Each structure stands twice: as structure tokens, then as C-alpha cells.
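Data block below; observations after.
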Amino acid sequence: MSEEQVDVSPVRRLQPVARSLPAFLMRAREAVMTRVRPVLRAYDMTEPQWRVLRTLASVEELEVTQLAEMVFLLPSSLSRILKDLTDRGLIQRRTSVADLRKGLVSISDKGMELIEAATPEAAKVNAEIEKLFGRDRMARLERLLQELEQAVGTGRAGD
């Protein structure tokens, strides 16, 4: 290759990782979760446990694979979380009568009490974030992220 025919590989044309869309999204998520984690820790919950309990609090019962999709977890990860939440008495599990291969999950009274206790504090954090960022900008960001998700795919775990 002559000096005039410089090889510019695709890797060299990439933006630095820190300027990539995934990096921007991860940093924004981390900035938000830094404010949320103290609330979760106060109630002895992890982020995935919170997502599971919040989701179950809004429905009567869910099939385990449906729940995995809704909370963006791989079934193997969800299985460990469900075991812990069951051991703590926060959820109830049973087998579907219609299909014995399917597991069903619901939140227990104890789990609902935990969600009801933690929700005001979580809502306060959300309000603080909205105040810092601005209500209009937050609404626009949510809309843009939904449009991005629709444009590029489902966003489900394992896709």
C-alpha cells in the first residue's frame, strides 16, 4: 500500500466508546440509579427485586416467562430472584392448573406492604430528578427513548 492509500479500518472510524449511544445510556442510568439505590437498600432490595415487586404489585398474577420479559431479566436470573423473594415471604408461587409446565407468581401481602412503604420515597427521588432535569425535558426524553426502542427493537432480555 502506498502512502496515499492509507487503510482506515472500520474500528478506527468508530467514535470512542465513551461517546457511543450505549455508554451515554449506561451513564444516564447510573446517574439515576445512584439516587434510587439508597431507597432500595433501606428496604433490603436490589434493583431487579424492585422491578419484580413493582410489576407484580400492578397485576393479580403473572406467568414466570411473561414476568421475565416485563422486567427485562433472563429467566435464569429471574429464577434466583424469585427464590429469594419467596424465601422472604414477599411473593407467592404456584403451578398453573391449565399447564403444569408453567409457573405463576403473585405478590404477597407482605410484599405489597413493602412496596407501599418504599413507593413514597422512590416517588420523592423521581420528583427530585424531574425537578433537576425539568418536567418538559423529562417528558421529551421519555418520548424519545420510547421512539428509539420502537425503531430498533423490543429491548427484551436475551434478544
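Start at 1 with the first residue, then count along the sequence. Please read all numbers here as calculations on a predicted model, not as lab measurements.
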*Are Leu132 and Val36 connected, step by step, through hydrophobic side chains (Ile, Leu, Val, Met, Phe, Trp, Tyr) whose heavy atoms are closer than 4.5 Å?*
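No, because Leu132 and Val36 fall into different hydrophobic clusters, even though each may have its own neighbours under 4.5 Å.
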*When clusters are formed by joining ILVMFWY residues with side-chain heavy atoms under 4.5 Å apart, either directly or through shared neighbours, do Met112 and Val59 land in the same one?*
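Met112 and Val59: one cluster.
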Do [X] and [Y] have side chains that approach each other closer than 4.5 Å (heavy atoms only, starting at C-beta)?
{"X": "Met45", "Y": "Leu114", "value": "yes"}
{"X": "Asp99", "Y": "Lys102", "value": "yes"}
{"X": "Leu40", "Y": "Glu47", "value": "yes"}
{"X": "Leu104", "Y": "Arg93", "value": "no"}
{"X": "Leu73", "Y": "Arg51", "value": "yes"}
{"X": "Ile107", "Y": "Ile115", "value": "yes"}
{"X": "Arg94", "Y": "Glu61", "value": "yes"}
{"X": "Leu25", "Y": "Leu145", "value": "yes"}

*Please determine which of Arg140, Gln146, Glu142 meets the side-chain contact (heavy atoms from CB on, under 4.5 Å) test together with Leu144.*
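Answer to the side-chain contact (heavy atoms from CB on, under 4.5 Å) test with Leu144 among Arg140, Gln146, Glu142: Arg140.
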Taking all non-hydrogen atoms of both residues, which atom of [X] and which atom of [Y] are closest, and how far apart?
{"X": "Val64", "Y": "Leu78", "value": "O-CD2, 3.5 Å"}
{"X": "Pro120", "Y": "Glu116", "value": "CD-O, 3.1 Å"}
{"X": "Ser108", "Y": "Gly89", "value": "OG-O, 2.6 Å"}
{"X": "Arg88", "Y": "Tyr43", "value": "NH2-O, 3.8 Å"}

*Kindly determine whether Arg80 and Asp84 satisfy salt bridge (charged side-chain N to carboxylate O under 4.0 Å, His left out), including the steps that lead there.*
CA-CA 6 Å; Arg80 289 187 299 275; Asp84 180 63; over 6 Å; no
*Take Ile81 and Thr46, measure what side-chain contact (heavy atoms from CB on, under 4.5 Å) needs, and give me the verdict at the end.*
CA-CA 9 Å; Ile81 291 165; Thr46 64; 5.5 Å; no
*Straight-line distance of Thr55 OG1 to Phe72 CZ, nearest 0.5 Å*: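 With rounding to 0.5 Å, OG1 (Thr55) is 9.0 Å from CZ (Phe72).
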*Checking Arg27 against Phe24: charged group under 6.0 Å from the ring centre and within 45 degrees of the axis?*
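Arg27 over Phe24 ring: yes.
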*Could you go through the side-chain contact (heavy atoms from CB on, under 4.5 Å) check for Met138 and Ile129 one step at a time?*
CA-CA 9 Å; Met138 185 64 76; Ile129 292 168; 3.6 Å; yes
*Reference residue Glu130; test salt bridge (Lys or Arg N to Asp or Glu O under 4.0 Å); the match among Lys124, Arg135, Arg35*: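 Only one option passes, and that is Arg135.
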